[in-house]
2 protein chains.
Amino acid sequence: MTTDTPDMRTVHVALGSRAYDILIGGGLLASAGDTLARRFPGARAAIVTDENVAVRHAATLKQSLEGAGIATATITIAPGERSKSFAVLQQVVDEVLAARLERGDVVIALGGGVVGDLAGFVSGIVRRGMAFVQVPTSLLAQVDSSVGGKTGINTAHGKNLVGVFQQPGLVIADSDVLDTLPEREFRAGYAEVVKYGLIDRPDFFAWLEANWRDIFSGGSARVEAIAVSCQAKADVVARDEFEAGDRALLNLGHTFGHALEAATGYDSARLVHGEGVAIGMAMAHRFSSRMNLASPDDAARVEAHLSAVGLPVAVSEISGDLPGPERMLDYIAQDKKVSRGSLTFILTRGIGRSFVARDVPASEVLSFLKENLPS
Amino acid sequence: MTTDTPDMRTVHVALGSRAYDILIGGGLLASAGDTLARRFPGARAAIVTDENVAVRHAATLKQSLEGAGIATATITIAPGERSKSFAVLQQVVDEVLAARLERGDVVIALGGGVVGDLAGFVSGIVRRGMAFVQVPTSLLAQVDSSVGGKTGINTAHGKNLVGVFQQPGLVIADSDVLDTLPEREFRAGYAEVVKYGLIDRPDFFAWLEANWRDIFSGGSARVEAIAVSCQAKADVVARDEFEAGDRALLNLGHTFGHALEAATGYDSARLVHGEGVAIGMAMAHRFSSRMNLASPDDAARVEAHLSAVGLPVAVSEISGDLPGPERMLDYIAQDKKVSRGSLTFILTRGIGRSFVARDVPASEVLSFLKENLPS
Ligand SMILES: NC(=O)c1ccc[n+]([C@@H]2O[C@H](COP(=O)([O-])OP(=O)(O)OC[C@H]3O[C@@H](n4cnc5c(N)ncnc54)[C@H](O)[C@@H]3O)[C@@H](O)[C@H]2O)c1
Ligand SMILES: NC(=O)c1ccc[n+]([C@@H]2O[C@H](COP(=O)([O-])OP(=O)(O)OC[C@H]3O[C@@H](n4cnc5c(N)ncnc54)[C@H](O)[C@@H]3O)[C@@H](O)[C@H]2O)c1
Ligand SMILES: [Zn+2]
Ligand SMILES: [Zn+2]
């Protein structure tokens with residue numbers, strides 16, 4: 001990591017010919033035009049964004065680009081997970097083609113993970129691959145979805161089942177744009193920040209316990225948290241770009257979390273992704289302690305921190321009815337990370353000591369679910 | 001090229017970690033199961049095919065696969081270019097997911113270029129990339145579209161504008177399946193065989209002049225022609241996998257050809273792709289001679305051979321009305337190979353001496369079109 005100043009950081013994602021930088025700091029949106037003009041000389045651009053982000057930040061970005069001589073079309077989609085569909089994919093592809101962009105031109109994702117996943121997929125398939133830049137505007141997107149090159153849409157068979165690996169050429173994370181993010185979304189993104197500590201950075205987790213209020217209020221602690229998170233994700237991605245092994249660690253909390261999202265019908269009024277991850281991480285630590293892999297004290301410490309910031313840690317915190325343990329096990333087994341029928345979980349030996357556990361017995365998971373779920 | 005026997009050839013496509021073999025010979029369809037079982041141990045498969053090919057060849061392939069212990073689903077699409085659409089893409093994606101195939105499982109394209117382009121795209125995006133095998137059944141697919149990893153669909157903005165680079169893990173070209181191909185389709189595919197001679201293999205072109213009847217009737221001349229063509233394409237692709245430069249040579253005859261296809265509304269009753277390429281190659285040679293780059297004798301020799309096999313060489317051979325020269329220039333300039341407004345053509349200094357000519361003056365092209373088109 002190149003440390004520029006406390007308020008401006010650069011994380012390099014080392015992927016050989018697909019290597020790129022993540023720029024992190026306040027006010028970067030207004031200077032994005034110059035940044036892009038230097039890196040993509042002569043290119044034109046299409047900004048893909050959603051309605052919520054468009055009203056708050058699209059004009060700043062468009063003015064910055066056009067001020068730097070980059071002709072820019074703007075494509076706005078409806079906010080929310082439902083836009084990660086074939087229908088919206090086709091619509092955005094058509095609009096990029098209608099703008100007559102060519103292969104060297106740039107698709108810019110300005111938004112949260114939904115916009116990033118969709119626009120990244122678009123940029124990966126129009127003319128078999130255009131240039132792509134991420135300008136993430138949610139905390140989740142800044143610390144997670146904009147890094148690593150996974151893109152995609154949902155189908156009736158499950159989430160993110162269709163897409164491509166498409167690394168961006170550049171990520172511009174303006175930490176100030178998070179000031180307009182709803183508090184609940186900020187908290188949800190924060191669950192992913194905690195995740196990096198729990199995977200393999202115990203000191204970072206301790207720092208988060210001490211500094212989370214500063215991160216929520218902005219400034220250099222926020223920049224630091226984003227930078228460490230990006231570096232953590234970049235390290236894992238560089239080791240395993242195409243998810244053949246190690247990258248699975250990033251799914252800490254996600255196997256339970258995805259099952260909960262499915263069980264609540266992806267109804268964001270009941271549960272957003274980061275909340276599912278928070279409950280999932282708490283469950284992964286409790287399950288690890290139940291399997292005598294980790295100490296119950298660690299599980300308690302994880303729960304205490306998540307609760308302190310206002311994230312849920314137990315299934316009982318989800319409003320409305322939930323399916324019973326057997327049905328929940330079905331949701332878990334449908335998860336696409338289940339390889340050829342065996343159950344794979346990310347478990348832990350303690351804070352910052354997570355590992356990929358293959359062949360976890362379904363019977364153990366079921367007993368655990370029975371203790372943790374309404375029956 | 002590994003020469004096994006005159007009736008069985010292997011062409012290796014040297015693409016580093018994405019390298020693969022093309023197996024060429026009679027009867028390979030019936031042994032495909034064993035071949036796949038060796039290369040993809042434990043995998044399941046989905047055959048994507050079209051109705052015409054399904055009735056003739058799908059049972060042979062499916063039996064061979066299941067005989068080798070490979071559980072196989074079959075997905076059949078309507079024949080023809082119209083299946084290269086978002087709607088059919090989504091439908092096939094859904095069927096592959098419904099068959100619960102996982103990342104290591106194989107999508108097999110059994111058909112012509114339409115099936116190959118569509119199924120290849122599907123395999124590239126389901127679960128962000130599944131294994132992919134081409135079993136091309138048209139001559140065009142065996143010598144051209146199944147090699148090189150370009151996949152995609154059409155949009156209202158143009159052909160092949162949406163897709164991915166997705167190299168197959170294996171290509172199985174059974175030269176006997178071409179016996180059921182309609183004669184007109186065989187001839188159209190043959191235009192691409194001629195193309196390789198004209199690009200940089202003058203001896204191969206001379207051999208084709210002498211042996212084309214044997215190629216049309218089958219046997220070892222056909223296997224030889226397919227093998228040399230695959231090797232020619234593989235050489236270009238290995239030099240330029242992502243079409244940054246040299247690969248453009250493969251577009252010999254295609255700039256004019258695509259414009260003619262567009263001008264005839266992609267109506268295959270009037271013009272199929274290979275016929276457009278044949279006319280386009282003849283035009284590229286005449287244009288080169290007009291620009292004093294090549295001798296008119298070479299242009300005449302190319303025309304003579306294409307005419308001998310029954311391929312068209314002039315726009316006047318297309319039935320029905322055609323747009324005038326100015327409109328045709330528009331079609332040419334819309335071609336996606338036009339980079340940032342400049343006209344790029346593949347021109348030639350003689351048979352087997354083609355080159356990429358950038359910045360060809362539009363005025364020269366227009367004058368040439370005026371001599372070659374109804375005004
Ligand atoms: N590609 C990956 O590696 C990866 C990783 C994790 C998650 N994801 C995906 O990311 C998506 C979730 O991302 P998300 O949480 O950012 O959701 P999101 O994109 O839906 O954004 C959340 C909400 O915040 C709004 N918003 C975003 N930025 C804002 C801002 N600055 N001010 C005001 N409102 C703003 C959005 O309009 C939306 O309503 C999911 O689809 C998930 O599958 C992808
Ligand atoms: N990916 C590439 O690099 C590349 C290169 C060149 C062309 N293409 C694409 O390939 C397509 C054209 O391919 P094509 O000419 O094979 O067209 P096609 O797939 O439509 O096949 C032509 C016709 O022959 C039938 N057919 C195929 N095999 C048969 C057999 N053995 N017996 C009887 N009928 C058979 C098909 O049903 C169809 O009606 C176009 O879409 C073009 O864009 C792609
Ligand atoms: Zn997540
Ligand atoms: Zn062609």
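This one's a predicted model, so the numbers in the text were calculated from it and none came from an experiment. Chain naming here is simple, since letters A, B, ... match the order of the sequence lines and numbering starts at 1 in each.
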Should T155(B) and Q90(A) be marked as a side chain to side chain contact (heavy atoms under 4.5 Å, CB included) after you check the CA-CA gap, both sets of side-chain angles, and the distance that decides it?
CA-CA 9 Å; T155(B) 77; Q90(A) 177 172 3; over 6 Å; no
Tell me the closest heavy-atom pair linking N160(B) and R128(A), and the distance in Å.
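Heavy-atom minimum between the residues: CB-NH2, 3.8 Å.
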To check you understand the geometry: which heavy-atom pair defines the closest contact between D94(A) and H157(B), and what is its length?
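In terms of heavy atoms, the two residues are closest at O-NE2, 3.3 Å.
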Flag if over 12 foreign heavy atoms under 6.0 Å of CZ, R82(A)
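No, CZ of R82(A) has 12 or fewer neighbouring heavy atoms, counting only those of other groups under 6.0 Å.
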With a 4.5 angstrom heavy-atom cut-off, is it the side chain or the backbone of V93(B) that approaches chain A, or both, or neither?
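Side chain only.
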Chain B heavy atoms under 4.5 Å from F242(A): which part of the residue, side chain, backbone, both or neither?
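Backbone only.
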Spacing of CG belonging to L89(B) relative to CG belonging to L89(A), to within rounding of 0.5 Å
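So the CG of L89(B) and the CG of L89(A) are separated by 8.5 Å.
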